[in-house]
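This structure is a prediction, so every number in the text was calculated from the model and none was measured. Values reported hereafter were calculated over all heavy atoms of this structure, with side chains retained and with hydrogens, waters and symmetry mates removed.
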Amino acid sequence: MAARTLLCCLLLMSAAPAAQAMTNEVSRERDIVGLRLGQRILVDDGTCPAGEIKEVSGAKMTPNGVQPSRRCISRSGPKAR
């Protein structure tokens with residue numbers, strides 16, 4: 001039982017960097033091709049306030065394909081003065 005729990009924890013820890021590696025950044029939203037369910041793409045098109053960037057994610061599966069969701073999130077990295 002303990003070995004199974006340890007194995008599950010190791011698998012979850014190894015999956016986290018892979019999920020972050022799937023995040024891409026583009027300069028225009030129309031450059032996004034083939035958005036997958038759960039995929040996150042950062043769009044630096046200037047539509048969000050200073051210090052934030054638009055995140056487009058594959059939110060919901062519809063009969064026409066993946067429906068994107070858009071929101072502004074804070075940029076990662078050190079704060080500028």
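- At most 12 heavy atoms of other shown residues, nucleotides or ligands fall within 6.0 angstrom of atom CZ in Arg71.
- Residues Thr62 and Asn64 bring no donor and acceptor atom of their side chains to less than 3.5 Å of each other.
- With values rounded to the nearest 0.5 angstrom, Lys60 atom NZ is found 5.0 Å from Gln67 atom CD.
- The existence of a salt bridge linking Arg30 and Asp45 is excluded, since no basic side-chain nitrogen approaches an acidic carboxylate oxygen closer than 4.0 Å.
- Counting all heavy atoms, side chain and backbone alike, Arg28 lies closest to Val43 at C-CG1, 3.8 Å.
- In this structure, the separation between CD1 on Ile53 and CG on Asp44 is 4.5 Å, given to the nearest 0.5 Å.
- Between the CD1 atom of Ile41 and the CZ atom of Arg70 there is a distance of 11.5 Å, given to the nearest 0.5 Å.
- Considering every non-hydrogen atom in both Glu52 and Cys72, the closest pair reads OE1-CB, 3.3 Å.
- Minimum interatomic distance between Leu37 and Met61 (heavy atoms only, all atoms of both residues): CD1-N, 3.9 Å.
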Full working for side chain to side chain contact (heavy atoms under 4.5 Å, CB included) between Asn24 and Ile32: CA-CA 10 Å; Asn24 298 324; Ile32 300 172; over 6 Å; no
